There are 2 protein chains.
Amino acid sequence: MRQMRHPPIEDVELEQVFHALSDPMRLGIVRKLAGSAELSCAALEDGRAKSSVSHHFRVLRDSGLIRTRPEGTTHMNSLRRAELDARFPGLLGAVLAVSPPPCDTPPRDD
Amino acid sequence: MRQMRHPPIEDVELEQVFHALSDPMRLGIVRKLAGSAELSCAALEDGRAKSSVSHHFRVLRDSGLIRTRPEGTTHMNSLRRAELDARFPGLLGAVLAVSPPPCDTPPRDD
DNA sequence: ACGATAGTTCGATCTCAATCGAACAATTGC
DNA sequence: GCAATTGTTCGATTGAGATCGAACTATCGT
């Protein structure tokens, strides 16, 4: 069973984390993962091509933000929350405290 | 006296901030500005071409991180600290709490 | 008014990065 | 063993972004 490669948390640089989070798709993934223990890649596809999504997960992994473990044909992803909180105290909390801007859905006509 | 254009803080998005901070040069500028009231562009050139530095200051301004005011021939720059703390509580603090990795200078032979 | 200074803009060059389709790989159920 | 499922990798395409030199702009001192 092939394991994914994750950088040790002490090798994770702030610039890499910012670069990973500067993309709306990846920031969205991190937000969703913050609200769950684990989520599969398929659960986070958001209508994109598989290869695009795979690319983003690769960036998130390489930047040290997430951990990926295989489970059958599925890859389960989780935020490396505790490690990141230790490495950059308060950063993730501050990031996740910011709610995303409203998406393009028109306002409800209740 | 020409004023620089700064986005209102409520128009500043998290992704823009992350994009601005994902470049080592710009992150370095923000770190230095955090330790001063104001600094000129020239004080932060770090050996780069003027046009390169100007480009980076433009990105920092457009992302809402800094404020620039002209003073004679000089442009004085400051971190929009209070506004950013209000907009993204704790974020800047967490960013600045992380010390930069050691630079490429060889260790002192004391 | 001119020269010096600080900084901006333009355009070129090159690298980086996001996108996707096609092909491939690992796992599981039958 | 094969098909289905999930996900990765490759390569192409396109756009974004960092770099710099040259030219330009605003301000100030003389």
Side-chain angles (χ1 to χ4, degrees), chain A residues 1-7 13-30 32-33 36 38-78, chain B residues 1-7 13-30 32-33 36-78 104:
Chain A
M1 188 171 281
R2 188 150 71 85
Q3 295 294 340
M4 287 291 187
R5 184 183 295 265
H6 303 89
E13 297 295 342
L14 207 47
E15 289 99 320
Q16 292 172 271
V17 171
F18 288 144
H19 169 258
L21 294 175
S22 67
D23 181 88
M25 167 88 183
R26 294 197 291 269
L27 183 56
I29 288 176
V30 166
K32 284 173 182 158
L33 285 175
S36 309
E38 275 184 322
L39 287 170
S40 68
C41 300
L44 296 156
E45 273 185 354
D46 201 35
R48 302 288 173 111
K50 276 181 184 301
S51 44
S52 297
V53 178
S54 200
H55 159 75
H56 286 299
F57 275 105
R58 178 63 171 274
V59 175
L60 286 170
R61 228 173 5 255
D62 288 352
S63 69
L65 276 155
I66 67 171
R67 185 171 293 282
T68 303
R69 69 173 183 84
E71 187 182 275
T73 55
T74 298
H75 285 184
M76 301 304 292
N77 304 280
S78 57
Chain B
M1 186 168 284
R2 190 153 64 87
Q3 295 294 339
M4 287 292 186
R5 185 183 293 266
H6 303 89
E13 298 295 342
L14 205 49
E15 288 100 321
Q16 293 172 270
V17 171
F18 288 144
H19 170 257
L21 294 175
S22 68
D23 180 87
M25 167 90 184
R26 294 195 293 268
L27 182 55
I29 289 174
V30 165
K32 283 171 181 157
L33 286 176
S36 308
E38 273 182 327
L39 288 169
S40 67
C41 300
L44 296 156
E45 273 184 356
D46 202 35
R48 303 289 174 109
K50 277 185 185 296
S51 44
S52 297
V53 178
S54 200
H55 158 76
H56 285 300
F57 275 105
R58 180 63 173 272
V59 174
L60 286 170
R61 226 169 10 252
D62 288 352
S63 71
L65 276 155
I66 68 169
R67 185 170 294 280
T68 303
R69 70 173 182 84
E71 186 182 276
T73 56
T74 298
H75 285 183
M76 301 305 291
N77 304 281
S78 56
D104 287 333

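The chains referred to below are lettered A, B, ... by the order of the sequence lines, with proteins before strands, and numbering in each begins at 1. Everything numeric here is computed off the predicted structure, so don't read it as measured data.
- Counting heavy-atom neighbours within 6.0 Å of A:R69 CZ, excluding the residue itself, gives a total above 12.
- Rounding to the nearest 0.5 angstrom, the gap separating the NE2 atom in A:H19 from the CG atom in A:L14 is 13.5 Å.
- Along DNA chain C, the nucleotide nearest B:F57 and the nucleotide nearest B:T73 are compared for position; the residue whose nucleotide lies closer to the 5' end is B:T73.
- Following rounding to the nearest Å, B:M25 (CE) and D:dT19 (C1') show an atom-to-atom distance of 11 Å.
- The side chain of B:S54 sits closest to C:dT8 out of C:dT8, C:dC20, D:dG7.
- A:H19 has no side-chain polar atom (N or O) that falls below the 4.0 Å cut-off from OP1 or OP2 of C:dC16.
- Look at B:R26 and you'll find a side-chain N or O under 4.0 angstrom from OP1 or OP2 of D:dA18.
- Between D:dA18, C:dT19, C:dA18, one nucleotide has an atom nearer to the side chain of A:V59 than all others, and that is C:dA18.
- In this structure, A:H56 reaches the C:dT19 phosphate: one of its side-chain N or O atoms is under 4.0 Å from OP1 or OP2.
- For A:R5 and D:dT8, the shortest distance from a side-chain N or O to OP1 or OP2 is not below 4.0 Å.
- B:L33 contributes atom CG, which lies 5.5 Å from atom CG of B:L44 (distance to the nearest 0.5 angstrom).
- OP1 or OP2 of D:dA18 has not a single side-chain nitrogen or oxygen of B:R48 nearer than 4.0 Å.
- Taking side-chain N and O atoms only, A:R61 has no distance below 4.0 Å to OP1 or OP2 of D:dG7.
- As a whole-Å value, the separation of A:I29 CD1 from D:dG7 C1' is 13 Å.
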Problem - side chain to side chain contact (heavy atoms under 4.5 Å, CB included) evaluation trace for A:E15 with B:S22 - result: CA-CA 4 Å; A:E15 289 99 320; B:S22 68; 5.5 Å; no
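- Within the structure, a side-chain polar atom (N or O) of B:R58 is placed less than 4.0 Å from OP1 or OP2 of C:dT9.
- Taking every side-chain heavy atom of A:A49 into account, C:dC20 is the closest of D:dC20, C:dC20, D:dG7.
- Atom pair B:L27:CG and D:dA18:C1' shows a separation of 16 Å (rounding to whole Å applied).
- Atom CD in A:E71 sits roughly 14 Å away from atom C1' in D:dT5 (whole-Å rounding).
- Counting to the nearest Å, the C1' atom of C:dA25 and the NZ atom of A:K50 are 13 Å from each other.
- If you check every strand for non-hydrogen atoms under 4.0 Å, A:S51 touches a base.
- Within the nucleic acid shown, B:M4 comes within 4.0 Å of sugar-phosphate atoms alone, with no base atom in reach, counting heavy atoms only.
- Rounding to the nearest 0.5 Å gives a distance of 4.0 Å between CE of B:M4 and CZ of B:R61.
- The separation between B:E38 atom CD and C:dG7 atom P is 12 Å, rounded to whole Å.
- As rounded to whole Å, 16 Å separates atom C1' of C:dC16 from atom CD of A:E15.
- Within the nucleic acid shown, A:H75 comes within 4.0 Å of sugar-phosphate atoms alone, with no base atom in reach, counting heavy atoms only.
- At a threshold of 4.0 angstrom between heavy atoms, the contacts of A:S52 include nucleobase atoms, whether or not backbone atoms are also involved.
- Between the CG atom of A:D23 and the P atom of C:dC16 there is a distance of 18 Å, given to the nearest Å.
- Note: B:S63 OG to B:R58 CZ = 12.0 Å, rounded to the nearest 0.5 Å.
- Side-chain proximity of A:C41 to D:dT19, C:dG7, D:dG7: nearest is D:dG7.
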